[in-house]
*Asks:* 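Encoded as structure tokens, here's the structure I'll be asking about.
All residue numbers in this chain count up from 1 along the given sequence.
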Amino acid sequence: MQSAGGSAAQPHPLFGGALSAVVPHSATDVSELREIPDNQEVFVHAHTDQSLIVELVEYQAQVADQDAARYHFEDIAGSNKALEPGAFEVTTVVALPKPELSLSECSSAWMLTGTQCVSKFNEEARNTVTLHLGLLRLPQFSTDVLITFNDPQSISPDSSSASATGTHKQPWTVQDFQRLLQTLTLHNPGLFG
């Protein structure tokens with residue numbers, strides 16, 4: 001198992017080098033541990049239950065830019081079986097200034113912060129997770145790029161993640177997530193077909 005973060009500011013190749021971004025310290029590339037869908041790059045923190053996912057999804061033309069981050073957040077809540085009342089909440093959605101992003105090809109960029117009560121591996125136990133979602137819209141490639149930072153806040157003692165609590169050795173921060181978002185760079189548009 002290799003750490004994806006090498007040195008602090010070294011970009012990490014994503015999707016076979018078609019994209020790159022600065023991945024935080026203590027990141028383990030999950031594809032070295034198990035199979036990951038071709039449209040995702042998944043990293044987990046070596047010592048906490050945090051994860052980062054870079055995902056290429058179909059551009060949702062019917063969703064206005066200012067609503068797209070919430071649309072994807074609710075889609076993730078559905079996948080997490082966290083759609084019942086009180087199981088998910090959006091706290092902020094902000095537009096990201098394009099001059100602060102390396103991915104100049106995006107038409108707009110958004111950052112959403114919210115919480116979801118989710119169970120891991122279909123367990124009964126539910127954990128409260130702060131979810132930071134970055135959305136970079138690429139309509140010319142029919143693609144939305146989602147970057148999701150899952151940051152557990154409250155882990156049930158009955159969860160398989162309970163062993164990760166109390167071992168917070170330098171957890172990732174929102175700044176680590178924002179650095180990944182801001183440094184995401186496109187090297188090969190052929191990635192989008």
Side-chain angles (χ1 to χ4, degrees), residues 1-61 63 65 68-69 71-73 75-76 78-80 96-112 118 120-121 129 131-151 164 170-193:
M1 262 179 354
Q2 284 188 338
S3 172
S7 73
Q10 196 63 31
H12 182 77
L14 303 169
F15 301 100
L19 291 167
S20 69
V22 174
V23 176
H25 67 86
S26 303
T28 299
D29 184 338
V30 174
S31 69
E32 295 175 9
L33 308 174
R34 62 180 166 86
E35 198 160 319
I36 299 296
D38 289 344
N39 69 321
Q40 293 182 349
E41 292 277 356
V42 180
F43 300 93
V44 293
H45 191 290
H47 305 291
T48 70
D49 209 37
Q50 295 173 314
S51 64
L52 279 162
I53 303 168
V54 180
E55 186 173 13
L56 307 177
V57 296
E58 186 177 344
Y59 177 75
Q60 299 297 319
V63 181
D65 285 352
Y71 171 90
H72 288 294
F73 178 81
D75 188 52
I76 291 167
S79 297
N80 288 338
L96 298 174
K98 281 183 57 176
E100 293 179 10
L101 302 174
S102 298
L103 192 68
S104 57
E105 296 85 355
C106 70
S107 63
S108 69
W110 303 84
M111 191 168 118
L112 176 149
V118 300
K120 196 167 185 178
F121 307 122
V129 177
L131 196 138
H132 302 280
L133 184 145
L135 172 64
L136 303 162
R137 305 208 81 193
L138 299 164
Q140 70 276 34
F141 300 120
S142 300
T143 301
D144 279 339
V145 179
L146 291 180
I147 300 170
T148 310
F149 171 32
N150 297 294
D151 188 14
Q170 292 187 304
W172 292 335
T173 64
V174 174
Q175 290 75 24
D176 291 323
F177 164 70
Q178 288 171 328
R179 186 178 316 108
L180 191 156
L181 196 58
Q182 292 169 338
T183 60
L184 187 70
T185 305
L186 177 63
H187 303 287
N188 181 3
L191 171 67
F192 304 114

*Asks:* Pair up each side-chain donor or acceptor in residues 184-193 with any protein partner under 3.5 Å, not counting sequence neighbours, and list the distances.
*Replies:*
unit_1 : atom_1 : unit_2 : atom_2 : d
Thr185 : OG1    : Thr183 : O      : 2.8
His187 : NE2    : Ser20  : OG     : 2.7
Asn188 : OD1    : Gly190 : N      : 2.8

*Asks:* Can you confirm whether Glu35 is buried at CD, in the sense that more than 12 heavy atoms of other residues, nucleotides or ligands lie under 6.0 Å from that atom?
*Replies:*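 Open.
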*Asks:* Evaluate Phe73 against Leu135 for side-chain contact (heavy atoms from CB on, under 4.5 Å), listing each step before the verdict.
*Replies:* CA-CA 10 Å; Phe73 178 81; Leu135 172 64; over 6 Å; no
*Asks:* Within the 4.5 Å heavy-atom criterion, are Val145 and Cys106 side-chain neighbours or not?
*Replies:*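 Sidechains of Cys106 and Val145: no contact.
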*Asks:* Using side-chain contact (heavy atoms from CB on, under 4.5 Å), reason through Gln178 and His132 one step at a time and then give a plain yes or no.
*Replies:* CA-CA 9 Å; Gln178 288 171 328; His132 302 280; over 6 Å; no
*Asks:* If you measure from CG on Asp38 to CZ on Phe15, what distance do you get to the nearest 0.5 Å?
*Replies:*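 The CZ atom of Phe15 is 9.0 Å from CG of Asp38, to the nearest 0.5 Å.
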*Asks:* Among all residues two or more places apart in sequence or in another chain, which pass the side-chain contact (heavy atoms from CB on, under 4.5 Å) test with Glu100?
*Replies:*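 Partners of Glu100 by the side-chain contact (heavy atoms from CB on, under 4.5 Å) criterion, ordered by chain and then number, come out as Pro97, Gln182.
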*Asks:* From Glu41 CD over to Leu52 CG, what is the distance, rounded to the nearest 0.5 angstrom?
*Replies:*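 Answer rounded to 0.5 Å: 12.0 Å.
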*Asks:* Please report the interatomic distance CG(Leu180) to OG(Ser102), rounded to the nearest 0.5 Å.
*Replies:*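 Rounded to the nearest 0.5 Å, the CG-OG separation comes to 10.5 Å.
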*Asks:* I'd like to check Leu136 versus Ile147 (side-chain heavy atoms, cut-off strictly below 4.5 Å). Are they in contact?
*Replies:*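 Sidechains of Ile147 and Leu136: in contact.
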*Asks:* Between the main-chain N or O of His25 and the side-chain N or O of Trp172, is there a donor-acceptor pair closer than 3.5 Å?
*Replies:*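 Yes; at least one donor-acceptor contact below 3.5 Å.
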*Asks:* Once you round to the nearest 0.5 Å, how far does OG1 of Thr148 lie from CD1 of Ile76?
*Replies:*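 Interatomic distance, Thr148 OG1 to Ile76 CD1, rounded to 0.5 Å: 4.0 Å.
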*Asks:* For Gly134, does its backbone N or O pair with a side-chain atom of His72 as donor and acceptor, under 3.5 Å?
*Replies:*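 Side chain of His72 to backbone of Gly134, a donor-acceptor pair under 3.5 Å: no, none is there.
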*Asks:* Does the plane of the ring in Phe177 sit parallel, tilted or perpendicular to the ring in Phe149? Use 30° and 60° as the thresholds.
*Replies:*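 Rings of Phe177 and Phe149: parallel, under 30°.
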*Asks:* If you round to the nearest 0.5 Å, how far is CZ of Arg137 from CG of Leu103?
*Replies:*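 Spacing of CG (Leu103) from CZ (Arg137) equals 13.5 Å.
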*Asks:* For Asp75, check salt bridge (charged side-chain N to carboxylate O under 4.0 Å, His left out) against everything at least two apart and list the hits.
*Replies:*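 Asp75 satisfies salt bridge (charged side-chain N to carboxylate O under 4.0 Å, His left out) with no residue once adjacent residues are dropped.
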*Asks:* Holding to side chain to side chain donor-acceptor pair (under 3.5 Å), I want the full list of residues that pass it with Asn150, two or more places apart in sequence or in another chain.
*Replies:*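 Checked Asn150 against side chain to side chain donor-acceptor pair (under 3.5 Å); matches are Ser51.
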*Asks:* Would you say Gln140 and Glu105 make side-chain contact, with heavy atoms under 4.5 Å?
*Replies:*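 Yes - at least one pair of side-chain heavy atoms lies under 4.5 Å apart.
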*Asks:* Rounded to the nearest 0.5 Å, what separates atom NZ in Lys98 from atom OG in Ser108?
*Replies:*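 Between atom NZ of Lys98 and atom OG of Ser108 there are 8.0 Å.
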*Asks:* Kindly list each side-chain donor-acceptor pair under 3.5 angstrom involving residues 53-61, sequence neighbours excluded, with atom names and distances?
*Replies:*
unit_1 : atom_1 : unit_2 : atom_2 : d
Glu55  : OE2    : Gln40  : NE2    : 3.2
Gln60  : OE1    : Gln62  : NE2    : 2.9
Gln60  : OE1    : Tyr71  : OH     : 3.3
Gln60  : NE2    : Glu58  : O      : 3.2

*Asks:* Checking Ser31 now: which residues fulfil side chain to side chain donor-acceptor pair (under 3.5 Å) with it, not counting sequence neighbours?
*Replies:*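 Partners of Ser31 under the side chain to side chain donor-acceptor pair (under 3.5 Å) test: Asp29.
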